[in-house]
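See structure below.
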Amino acid sequence: MLAELDTMEREALDELGAVADAAALEAYRVRWLGTNGRLRGAMDALKTVPKESKPAVGKRLNEVKAAIEAAFNARRDTAAAAPKGPPVDVTEPGLPVGEGARHVLAKTIDEIVDVLGRMGFAVADGPELEDEWHNFNALNIPDSHPARGPADNFFLGGEVAGKLLLRTQTSTVQIRAMETMKPPLKVCAIGRVYRPDAHDATHYSMFHQVEGLYVDRRVSMVDLKSTLVQFAKAFFGPEAEIRLRPSFFPFTEPSAELDMKMRVMRNGVPEWRWIELGGCGMVDPNVFKSVGIDPEEWTGFAFGLGIERVAMRKYGIGDIRLLFENDARFLRQFA
Ligand code: FA5
């Protein structure tokens with residue numbers, strides 16, 4: 001009987017070592033430790049052992065029982081501590097996570113602010129929801145001007161809100177800057193503007209402008225042009241060329257349209273073309289009067305460029321709508 005107990009112990013421990021999952025462990029418990037299990041059977045068999053052998057066999061049986069129970073409990077505790085769910089291979093290489101990057105428009109804005117900052121322009125700011133004073137009247141755009149109609153502006157609905165609109169140009173910030181700062185001043189403003197324009201390759205109903213304003217004594221058209229030349233060369237590279245074409249804006253006199261000569265790809269062939277980027281001119285004396293600056297003493301220039309157009313030119317983007325679709329495949333090219 002003692003030899004049988006040794007065999008039984010070895011068998012039980014070997015079998016436990018081969019248990020693979022929770023179901024097998026439970027089957028093992030029933031088979032060895034259950035009420036009709038092998039240990040129970042061995043205890044019943046103790047009754048048939050001759051009286052003189054009983055103490056030794058009984059002692060050995062208790063040892064075997066304790067060993068099997070201890071091994072089973074240890075195995076069960078390990079299983080309980082093991083993570084649930086499918087097995088995880090911690091050595092497997094991870095999946096690559098796509099890195100984020102600045103949007104090409106945000107990047108262009110950073111670059112513009114950087115260049116203008118180096119040229120001495122401080123950054124000014126104003127609200128996107130504006131009143132008519134800042135968007136029109138102070139900019140010498142009278143009540144009767146056709147550009148003030150509902151077809152050209154996003155006015156807020158309702159009687160009370162009727163006189164508020166989403167600004168159509170960052171020139172509003174010229175007024176806000178001159179209302180709060182005394183000349184001389186040299187500021188730029190970057191921001192969103194809104195117009196009910198139909199979307200096409202070069203127009204969007206929300207876009208960004210960069211505004212520049214310099215007010216000092218004896219500022220001239222020469223200062224304006226040399227500032228724009230300097231900006232163009234710093235931003236686009238030394239070969240960039242600009243030209244000013246006579247134009248009209250109510251808030252500048254004289255006024256000009258700013259064109260830039262750029263290398264554009266046409267059917268895969270590079271060619272040089274003049275592209276319109278924005279407007280500019282000398283601050284109109286009426287604008288100075290509306291903000292309480294004496295036009296006899298002070299002069300100034302201002303310019304306003306469409307940032308999407310600037311970005312499209314710099315990065316060779318053929319359609320403004322691509323900038324707002326958030327297609328990662330497009331945006332990744334500029335990361
Ligand atoms: C203005 O908005 C004037 N405030 C610019 C200015 C500032 C003149 C200071 C004088 C002094 P304009 O409406 O032309 O001007 O717009 C300026 C630029 O914004 C355009 O040249 C173009 O680059 C861009 N732009 C105009 N409309 C759109 C549009 N719907 N989508 C994208 N860009 C546009």
Side-chain angles (χ1 to χ4, degrees), residues 105 108-109 112 116 121 124 126 128 130 134-136 138-141 145-148 151-154 165-178 186-215 219 221 223-225 227-228 231-232 235-236 242-260 262 274-288 291 299-314 317-324:
L105 216 45
T108 307
I109 288 172
I112 291 174
L116 289 179
F121 287 86
E128 288 177 28
E130 262 298 5
H134 291 93
N135 202 79
F136 301 123
L139 287 165
N140 200 30
I141 305 174
H145 198 284
R148 296 184 64 148
D152 291 329
N153 301 283
F154 288 115
L165 74 158
L166 293 173
R167 69 179 175 194
T168 55
Q169 49 186 348
T170 45
S171 298
T172 53
V173 187
Q174 286 185 38
I175 302 302
R176 291 193 172 269
M178 290 190 285
K186 198 172 185 184
V187 291
C188 65
I190 302 255
R192 293 196 183 107
V193 300
Y194 303 82
R195 296 180 190 179
D197 288 349
H199 293 176
D200 63 22
T202 52
H203 293 85
Y204 216 73
S205 49
M206 184 283 296
F207 58 100
H208 297 74
Q209 285 188 336
V210 50
E211 194 84 9
L213 171 70
Y214 176 42
V215 181
V219 176
M221 204 73 183
D223 299 311
L224 169 62
K225 188 159 184 186
T227 299
L228 292 172
F231 170 78
F235 185 78
F236 288 98
I242 64 158
R243 81 176 172 196
L244 297 183
R245 261 183 306 121
S247 184
F248 174 79
F249 294 100
F251 35 92
T252 45
E253 182 56 37
S255 301
E257 213 73 66
L258 168 69
D259 295 339
M260 186 166 291
M262 267 168 287
W274 290 104
I275 310 285
E276 182 202 307
L277 290 184
C280 60
M282 302 306 295
V283 179
D284 192 289
N286 285 341
V287 173
F288 278 143
V291 291
T299 47
F301 70 65
F303 60 86
L305 318 182
I307 296 181
E308 281 75 6
R309 303 269 177 96
V310 169
M312 287 164 73
R313 293 309 154 214
K314 179 153 184 173
I317 298 164
D319 194 316
I320 194 171
R321 290 167 289 200
L322 289 166
L323 294 170
F324 301 111

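In listed order, ligands and their atoms are each counted from 1.
Polar contact with ligand 1: absent for Gln174 (N/O pair, distance under 3.5 Å). When only interatomic distances are considered, the shortest N/O to N/O separation between Glu211 and ligand 1 does not fall below 3.5 Å. For a threshold of 3.5 Å applied to N or O pairs, the pair formed by Thr252 and ligand 1 contains no separation below that value. Every N/O-N/O distance between Thr168 and ligand 1 stays at or above 3.5 Å. Taking only nitrogen or oxygen atoms, main chain and side chain alike, Leu277 reaches within less than 3.5 Å of ligand 1.
Considering only non-hydrogen atoms, atom 13 (O) of ligand 1 lies nearest to Arg195 out of Arg195, Glu276, Gln169, Arg167. Between Phe248, Phe249, Tyr204, Phe303, it is Phe249 that holds the heavy atom closest to atom 14 (O) of ligand 1. Between the choices Leu305, Asp197, Val310, the shortest heavy-atom distance to atom 30 (N) of ligand 1 belongs to Asp197.
Salt bridge status for Arg245 with Asp259: present, with a side-chain N to carboxylate O gap under 4.0 Å. A salt bridge links Asp319 with Arg321: at least one charged nitrogen is closer than 4.0 Å to a carboxylate oxygen.
For Thr202, every heavy-atom contact with ligand 1 shorter than 4.0 Å involves the backbone, none the side chain. When heavy-atom distances to ligand 1 are checked against a 4.0 Å cut-off, Phe251 comes that close only through its side chain, counted from C-beta outward. At a 4.0 Å heavy-atom cut-off, ligand 1 touches His203 through backbone and side chain alike. Contacts with ligand 1 closer than 4.0 Å are made by backbone heavy atoms (N, CA, C, O) of Cys280 only, the side chain lying farther away. Here Glu308 has no heavy atoms under 4.0 Å from ligand 1, in either its backbone or its side chain.
Nearest heavy-atom pair, His208 versus Arg192, reported as atom, atom and distance to 0.1 Å: NE2-CG, 3.5 Å. Contact detail for Ala151 and Pro196: the closest heavy-atom pair is O-CG, 3.3 Å. In this structure, Pro250 and His145 approach most closely via the heavy-atom pair CG-NE2, 4.2 Å. A pairwise comparison of heavy atoms in Ser205 and His199 identifies OG-NE2, 2.8 Å as the closest pair. Taking each heavy atom of Ile317 and Ala311 in turn, the nearest pair found is CD1-O, 4.2 Å. For the pair Thr252 and Cys280, the tightest heavy-atom approach, listed with the atom from each and the gap, is OG1-O, 3.9 Å.
The protein heavy atom nearest to atom 16 (O) of ligand 1 is Gln209 NE2, 3.4 Å. Atom 22 (C) of ligand 1 has its closest protein heavy atom at Arg309 NH1, 3.4 Å. Ranking the protein heavy atoms by distance from atom 27 (N) of ligand 1 puts Phe207 CZ, 3.3 Å first. The shortest contact between atom 5 (C) of ligand 1 and any protein heavy atom is with Gly304 O, 3.8 Å. Distance from atom 18 (C) of ligand 1 to its nearest protein heavy atom, with residue and atom name: Gly306 N, 3.7 Å. Counting protein heavy atoms only, atom 8 (C) of ligand 1 is closest to Gly279 C, 3.4 Å.
Separation of atoms CZ (Arg309) and CD1 (Ile275) is listed at 9.5 Å; rounding is to 0.5 Å.
Heavy-atom contacts of Ile320 reach the following atoms of ligand 1: 32 (C) (cutoff under 4.0 Å). Within ligand 1, the atoms closer than 4.0 Å to a non-hydrogen atom of Gly278 are 21 (O), numbered from 1 in the order shown. Remark: ligand 1 atoms within the under-4.0 Å shell around heavy atoms of Ala302 are 9 (C), 11 (C).
Checked by atom type, the side-chain pair Thr168/Asn135 shows a donor-acceptor distance below 3.5 Å. When only modelled atom types and interatomic distance are considered, Glu308 and Tyr204 share no side-chain donor-acceptor pair under 3.5 Å. Checked by atom type, the side-chain pair Gln169/Gln209 shows no donor-acceptor distance below 3.5 Å.
The closest donor-acceptor contact from the side chain of Thr299 to the backbone of Val219 lies under 3.5 Å.
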